[in-house]
Amino acid sequence: MPFQLRPLAAAMLLAIGAPASAQTQAAAAEALMQPVIITASRSNIEVDKAPQTVVVIEKEDIARQLSISTNSSDVLSNLLPSYTPSRGKMNGSGETLRGRTPLILIDGVPQSNPVRPTGREAHTIDYSMVERIEIVQGPNAINGLGATGGTINIITRSPEKGSFNQSLDVQVTAPTTDVNSDVLGYKTTYRADGRGDKLEYLFSLGYEDQGLYLDGAGRPIGVDVTQGDLMDSRSYDVLAKIGYRPGDKQKLQFSVNRYRIKSKANYVGVAGNRTLGIPSTSVEGTPPGTPAWNDVWTASASYNHYDLLGMELSAMAFRQEFEGLFGADNSATFQDVTIAPRGKLYDQSRSVAKKYGSKVGLTKDGLFAGRAKLTVGFDTLVDEGKQDMYGTGRTFVPQSKYTNLSLFAQGEYKVIDTVTVHAGVRRENADLKVDTYRTLAAYNNTLVEGGKIKFNETLANAGIVFTPVDGISLYASYSEGFGLPDIGRTLRSINTPGQSIASLRSLEPILTDGVEFGARARKGNWEMDASWYRSDSDYGARVVSNNGVFAMAREKTRLEGVDASVAYRFNAAQRASLSYAHTKGRYDSDANGSLDAKLDGLNVAPDRLLASWTANWTDKLSSFVQVQHAFSQTFDDPAKAFSGYTLADATLSYKLPKGDVRIGVANLFDKSYITYYSQSALVEPARYFAGRGRTVTLGYAVRF
């Protein structure tokens, strides 16, 4: 057994004899009896009745992960083996779910920008504001554009019972070597909420100041000035919600979330050496230009009627404004000799997008003698965006407007008591309008004629769930996904005169066909899940790096893999779990119809094994240990070979007479390693980043 896995094995053996109080047992039993509803399904399906793999990350799981790392990508990758290991940066390009891009939602509001994806979609909210996360894996179109890899629905905190509740959470993070003020991180969250018979409200404010990161050898980790970095940054989040219940069967709610993260710009990067295994590092200095930032407003208004003539109505209107600034660079792409001598021009790009729309659904249960349920609805979306050069005001990606109206129907029917079939259809009616523009000098100042492209698609899904005995289900599903290629990458790189928007085949949508076969079991103290999946796209999108500049390649692609997990509850207070994901991706490199090449680390995750053990030793003392192993992997480019690594983390919390104190240790054994992205996504000395070394987080939370 590898040395890194021995502490977890010992901990699991100790768990068998751990005591559990009557109060803890009762709470655990009650939680197990409650069915978990997936709102991202649009038809409020229960997790154990879904015809595909569904994962729910609860508030307690999120809190434990935030004691280890406040990076939202870390939270997802630590709990989902099919999610790509986090880059640890502000930009998450290359972080995929089952090898394809997931659609990220906050309370149902899309965060992904279809016109110009920036890789910043995973950093639009502080996870301290989050109640739970629903993940529907695999391509689907039920929530519209973008879910070719699955859907990640982030549900924000809800007010708790009581007229006025307050909570305060503070924590400090430090490495275990070379501790000084430059390497410390601070985070605090304040929340006030209340809930009465009719009115409820919530206000939460979070602030974080992160210092310099060190790797397992005590070296400063390289800063990514251009793409943006979480290291050496400040962020804040403000969440406000107010709800009103005019009656027992109705609810009206308004919500707004403002999130901003910005680099402090205290460091510049020093390129590493891949051949010698020397990672990129950082030294004190002031990078050129304005520090990178993410600035996001997300607002929504929703109305629910739970018994409208025997049906359930859900309606929502939303708006999101996004601005992402990238750091300054003297990239060859940015050069223009009419502005400055070649190589002397530092500029930086800024992505600006705003979207607004609505979602309406009407569900009728109990049809056909109680055997059927039907949901119908319509969605609207308008997404406007552009990417400009922040320093010189030049157009990088022209102003574009995506408009969509979709109608959908989703139903389920219990054929017999042990067999339920699911089926649905969604009609996408959309168009993309692009202004006439000129590309940058690097692309010959090419004039591109604007125009409008229509995207009209009908997308279907079907599934079946067979439950031969209580607690055991077999399922199969087919689902079609709908996405757009990275419109911005295509538009900004046109260098051939006479091009028009209407003639660009590379702007055609990404249509993905997904199939999945799986089984789940809930018997006694055991929980087991396993599935095999495959998703195909005849005209897919592959991200490639050309001299550090990312571009899109439109090719036939196929992703297939296996997800499996097993969990055992020793008693009401002790639970251990093990999960594994294998993903294989191939593409047609020569357009002859055969899948002859491997997708690299910019497009697909490595095989991963995750293990965890949760223990509530008493009503006051609890612990958590997790181990993750990323298996080594080779690609068609030998330089992108991934060596693999094993990491372990642990937390311990204790209830005081007033409040809770906790300690979290990330990278428990201070492993020195290079991130998966830096090894296998691209070959670039400046971005040969090491992973973060051991850190200790001490936190205190109190309710009053």
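This chain uses plain numbering: 1 for the first residue, then up along the sequence. Hydrogens, waters and symmetry mates are skipped; everything else that's a heavy atom, side chains included, is used.
When only modelled atom types and interatomic distance are considered, Asn294 and His123 share no side-chain donor-acceptor pair under 3.5 Å. Inspection of the Ser67 and Thr697 side chains reveals no N or O donor paired with an N or O acceptor under 3.5 Å. Between the side chains of Glu95 and Thr84, no donor-acceptor pair of N or O atoms lies under 3.5 Å. The closest side-chain donor-acceptor pair between Thr675 and Tyr688, if any, does not fall under 3.5 angstrom. There is a side-chain donor-acceptor pair under 3.5 Å between Thr583 and Tyr533. No side-chain N or O of Ser680 forms a donor-acceptor pair with one of Gln633 less than 3.5 Å apart. With 3.5 Å as the limit, one finds a donor-acceptor pair spanning the side chains of Glu134 and Thr39. Looking at Ser477 and Gln52, their side chains never bring a donor and an acceptor atom within 3.5 Å of each other.
In this structure a side-chain-to-backbone donor-acceptor pair under 3.5 Å is present from Lys523 to Asp470. Side-chain atoms of Arg694 come within 3.5 Å of backbone N or O of Leu668 as a donor-acceptor pair. Remark: the backbone N or O of Ala122 is paired with a side-chain donor or acceptor of Ser72 at under 3.5 angstrom. A donor-acceptor contact shorter than 3.5 Å links the side chain of Ser69 to the backbone of Asn71. The closest donor-acceptor contact from the side chain of Ser263 to the backbone of Ala292 lies at 3.5 Å or more, if one exists at all. Between the side chain of Gln679 and the backbone N or O of Ser643, at least one donor-acceptor pair lies under 3.5 Å. With Ser579 contributing its side chain and Ala564 its backbone, the two residues share no donor-acceptor pair below 3.5 Å. In this structure, the side chain of Ser622 does not engage the main chain of Thr618 through any donor-acceptor pair within 3.5 Å. Side-chain atoms of Arg260 never come within 3.5 Å of backbone atoms of Asp237 as a donor-acceptor pair (strictly under, hydrogens ignored). Remark: side-chain polar atoms of Gln628 are not paired, donor with acceptor, to backbone N or O of Gln626 under 3.5 angstrom.
The CG atom of Asp649 sits 13.0 Å away from the CZ atom of Arg64 when rounded to the nearest 0.5 Å. From Thr156, atom OG1 reaches atom CG of Asp107 across 3.5 Å, with rounding to the nearest 0.5 Å. Atom-to-atom distance recorded for Ser233:OG and Gln210:CD is 4.5 Å, nearest 0.5 angstrom. Separation of atoms CZ (Arg520) and OG1 (Thr467) is listed at 8.5 Å; rounding is to 0.5 Å. If you take CG on Asn78 and CD1 on Ile62, they are separated by 12.5 Å, rounding to the nearest 0.5 Å. Interatomic distance, CG of Asp193 versus OG of Ser167, reported as 7.0 Å (0.5 Å rounding).
Considering every non-hydrogen atom in both Ser235 and Tyr259, the closest pair reads CB-OH, 4.2 Å. Of all the heavy atoms in Arg157 and Leu239, the pair that sits closest is N-CD2, 4.5 Å. Scanning both residues, Gln227 and Arg687, for their nearest heavy atoms gives CG-NH2, 3.3 Å. Of all heavy-atom pairs between Asp169 and Ala701, the closest is OD2-CB, 3.4 Å. Across all their heavy atoms, Lys671 and Thr646 have their closest contact at CG-O, 3.9 Å. The minimum heavy-atom distance linking Asp126 with Gly206 is given by the pair OD2-CA, 4.3 Å.
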For this session: Take Asp178 and Leu214 through the side-chain contact (heavy atoms from CB on, under 4.5 Å) test and state the conclusion after the steps.
Result: CA-CA 9 Å; Asp178 300 322; Leu214 303 181; 4.2 Å; yes
Problem set entry | Criterion side chain to side chain donor-acceptor pair (under 3.5 Å) on Gln171 and Arg662, from CA distance to verdict | CA-CA 9 Å; Gln171 68 179 41; Arg662 65 184 182 275; 2.7 Å; yes
For this session: Take Phe624 and Ile68, measure what side-chain contact (heavy atoms from CB on, under 4.5 Å) needs, and give me the verdict at the end.
Result: CA-CA 10 Å; Phe624 173 74; Ile68 297 167; 4.2 Å; yes
For this session: In sequence, state the C-alpha distance, the side-chain angles, and the governing distance for Asp209 and Lys264, and then conclude on salt bridge (charged side-chain N to carboxylate O under 4.0 Å, His left out).
Result: CA-CA 9 Å; Asp209 188 314; Lys264 293 188 289 186; 2.7 Å; yes
For this session: Start with the C-alpha distance between Asp619 and Lys655, add both sets of side-chain angles, then the distance that settles salt bridge (charged side-chain N to carboxylate O under 4.0 Å, His left out), and finish with yes or no.
Result: CA-CA 8 Å; Asp619 285 341; Lys655 292 183 181 297; over 6 Å; no
Exercise. Can Arg692 and Asp215 be said to form a salt bridge (charged side-chain N to carboxylate O under 4.0 Å, His left out), step by step?
Worked result: CA-CA 5 Å; Arg692 198 172 182 182; Asp215 65 14; over 6 Å; no
Problem set entry | Steps toward side-chain contact (heavy atoms from CB on, under 4.5 Å) verdict (Thr124, Thr298) | CA-CA 9 Å; Thr124 61; Thr298 302; 5.7 Å; no
For this session: Could you check Glu60 against Arg132 for salt bridge (charged side-chain N to carboxylate O under 4.0 Å, His left out), going step by step and ending with a plain yes or no?
Result: CA-CA 9 Å; Glu60 295 77 15; Arg132 67 174 185 160; over 6 Å; no
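Between Lys620 and Asp660 there is no salt bridge, since no side-chain nitrogen of the basic residue lies less than 4.0 Å from a carboxylate oxygen of the acidic one. Using a cut-off of 4.0 Å between Lys/Arg side-chain N and Asp/Glu carboxylate O, Lys161 and Glu200 are scored as not salt-bridged. Comment: Arg575 engages Glu527 in a salt bridge, judged by a side-chain N to carboxylate O separation of less than 4.0 angstrom. Comment: Glu516 engages Arg98 in a salt bridge, judged by a side-chain N to carboxylate O separation of less than 4.0 angstrom. Between Arg522 and Asp529 a salt bridge is recorded (basic side-chain N to carboxylate O distance below 4.0 Å).
Residues Tyr83 and Val55 form no side-chain contact, since every pair of their non-hydrogen atoms from C-beta on lies 4.5 Å or further apart. Using a 4.5 Å heavy-atom threshold, the side chains of Ser577 and Ser565 count as separate. Here the side chains of Ile57 and Tyr127 are not in contact, with every heavy-atom distance at 4.5 Å or above. Side-chain contact check for Leu647 versus Phe669: every heavy-atom pair is 4.5 Å or farther apart. For the pair Ile135/Leu97, a side-chain contact is recorded, criterion being any heavy-atom separation below 4.5 Å from C-beta on. Taking 4.5 Å as the limit, some side-chain heavy atom of Glu46 sits within range of a side-chain heavy atom of Ile37. Side-chain atoms of Ser623 and Trp613, non-hydrogen and from C-beta on, do get closer than 4.5 Å to each other. When side chains are defined from C-beta on, Leu103 counts as touching Pro110, because their heavy atoms get closer than 4.5 Å.
In this structure, Tyr568 has its ring center under 6.0 Å from that of Phe570.
Tyr676 pairs in a ring pair (Phe, Tyr, Trp, His ring centres under 6.0 Å) with only one of the listed residues (Phe642, Phe631, Tyr645), which is Phe642.
In this structure, Lys49 places its NZ atom where only 12 or fewer heavy-atom neighbours from other residues, nucleotides or ligands lie under 6.0 Å away.
Relative to the six-membered ring of Phe689, Lys89 meets both conditions, a distance below 6.0 Å and an angle of at most 45° to the axis.
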